[in-house]
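Quick notes on the structure that follows.
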Amino acid sequence: RLRDARSMLSEQRYFDSLGQAEDAARLQRNLLRCRKLADIGACDEALRATPADAEVVIAKADALAQLKRPGEAIVVYRHASELAPGNAALQGKIVAAESQRQTLVALCERESSDAALQACQSALLRGASDEQKIHERRAVLLQAMGKPAQALDAYIAASLLRSDNEAVSRAIVELTNSTGRRDAL
């Protein structure tokens, strides 16, 4: 019986080590896909396995920056700087993402196309001084593109940030009447 118990324990350790090896291989694969291919899904999987690893967080932020999503990248870089406060290279990455974001904000304000709408979405940074202005610009673009329901949502988001803007309030009332949605009121 003792031999059988030892054999079962040995098998259990073997299978546990196989499971750990599989998890480690999956993590390495996700890290590689995150760093080399800018695969955000792989970055998220790697973060689920090691949420407090600053290198994984930085890899996700780099992937977001590579995909021209600087608003999201800045938030993730800031989280990484909390995890690794002494990382000097991180500050340079934040500055580069801010610069990329400002370029997209200018495109958002200047153009009137799908590219401008995408630029507005990519430049959106929660808590930034221009957040309300970007929501309002998104709403104007969406309304011009014939997407009143989405424009209404963007106007509502702008109104939540600054409720004293009469133009936004009038647009909400107008779109509420034209779309038949009553949730905005």
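These numbers come from the heavy atoms of this one structure, side chains and all, not from hydrogens, waters or symmetry mates. Because the structure is a prediction, the values reported are computed rather than measured. Starting from 1, each residue takes its place in the sequence as its number.
- Leu90 and Val57 fall into different hydrophobic clusters, where Ile, Leu, Val, Met, Phe, Trp and Tyr are joined by side-chain heavy atoms under 4.5 Å apart, directly or via other members.
- Side-chain atoms of Asp130 do not come within 3.5 Å of backbone N or O of Lys133 as any donor-acceptor pair.
- Under a hydrophobic clustering in which Ile, Leu, Val, Met, Phe, Trp and Tyr are joined whenever their side-chain heavy atoms come within less than 4.5 Å, directly or via other members, Leu37 and Leu47 fall into different clusters.
- In plain terms, the two heavy atoms of Leu141 and Cys108 that are nearest each other are CD1-O, 4.3 Å.
- Here the side chains of Gln143 and Glu174 are in contact, with some heavy-atom distance below 4.5 Å.
- Checking side-chain atoms of Gln28 against main-chain N and O of Ala24 turns up no donor-acceptor pair under 3.5 Å.
- Interatomic distance, Asp153 CG to Ile172 CD1, rounded to the nearest 0.5 Å: 10.0 Å.
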Walk me through it: do Glu82 and Arg78 pass the test salt bridge (charged side-chain N to carboxylate O under 4.0 Å, His left out)? CA-CA 6 Å; Glu82 292 170 3; Arg78 288 179 183 162; over 6 Å; no
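- The pair Arg137-Glu109 does not count as a salt bridge, with every side-chain nitrogen at least 4.0 angstrom from each carboxylate oxygen.
- Using a 4.5 Å cut-off on side-chain heavy atoms (C-beta onward), Gln12 and Met8 make no contact.
- Residues Glu166 and Arg170 are paired through a salt bridge, judged by an N-O separation under 4.0 Å between the basic side chain and the carboxylate.
- The main-chain N or O of Arg3 is never found under 3.5 Å from a side-chain atom of Ser7 such that the two would form a donor-acceptor pair.
- Taking the side chain as every heavy atom from C-beta outward, Asn177 and Val173 approach each other to under 4.5 Å.
- Between Leu104 and Lys68 the shortest heavy-atom distance is CD1-O, 4.0 Å.
- Hydrophobic clustering (ILVMFWY, side-chain heavy atoms < 4.5 Å, transitive): Val140 and Leu117 are in distinct clusters.
- Annotation: the span from Ile94 atom CD1 to Arg101 atom CZ amounts to 13.5 Å, rounded to 0.5 Å.
- Within the model, atoms CG of Asn165 and CD of Glu136 stand 5.0 Å from one another, a figure rounded to the nearest 0.5 Å.
- The backbone N or O of Tyr155 lies less than 3.5 Å from no partner atom in the side chain of Ser159, so there is not a single donor-acceptor pair.
- A donor-acceptor pair is defined here as one N or O able to donate and one able to accept, closer than 3.5 Å; no such pair exists between the side chain of Glu45 and the backbone of Leu27.
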Could you go step by step and tell me if Asn87 and Ile58 meet the side chain to side chain contact (heavy atoms under 4.5 Å, CB included) rule? CA-CA 10 Å; Asn87 191 334; Ile58 291 170; 3.5 Å; yes
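- Between the side chain of Ser10 and the backbone N or O of Arg6, no donor-acceptor pair lies under 3.5 Å.
- In this view, Arg162 and Asp164 satisfy the side-chain hydrogen bond (donor to acceptor under 3.5 Å, both in side chains) rule, not counting sequence neighbours.
- The residues Arg35 and Asp62 are annotated as not salt-bridged, no charged nitrogen and carboxylate oxygen being separated by less than 4.0 angstrom.
- With rounding to the nearest 0.5 Å, the separation of CD1 in Ile40 from CG in Asp44 is 7.0 Å.
- Checking side-chain atoms of Ser122 against main-chain N and O of Gln118 turns up a donor-acceptor pair under 3.5 Å.
- Side-chain N or O atoms of Arg33 include none that pairs as donor or acceptor with a backbone N or O of Cys43 at under 3.5 Å.
- Note that CG of Leu161 is 12.5 Å distant from CD1 of Ile156, once rounded to the nearest 0.5 Å.
- Annotation for Leu175 and Thr179: closest pair O-OG1, 2.6 Å, computed over non-hydrogen atoms.
- Here the closest non-hydrogen pair linking Ala52 and Leu83 is O-CD1, 4.0 Å.
- When every heavy atom of Pro70 is checked against every heavy atom of Ala97, the shortest pair comes out as CB-O, 3.4 Å.
- Using modelled atom types, one side-chain atom of Arg181 and one backbone atom of Ala149 make a donor-acceptor pair closer than 3.5 Å.
- Note: Asp39 CG to Asn30 CG = 7.5 Å, rounded to the nearest 0.5 Å.
- The heavy-atom pair separating Gly71 from Leu125 by the smallest distance is O-CD1, 3.2 Å.
- The shortest distance between side-chain heavy atoms of Lys60 and Glu72 does not fall below 4.5 Å.
- Under the 3.5 Å distance criterion, with hydrogens and angles disregarded, no donor-acceptor pair is assigned to the side chains of Gln91 and Tyr77.
- No single ILVMFWY cluster, assembled from side-chain heavy atoms under 4.5 Å apart, contains both Leu124 and Leu67.
- Val168 and Ile134 end up in different hydrophobic clusters when Ile, Leu, Val, Met, Phe, Trp and Tyr side chains are linked at under 4.5 Å.
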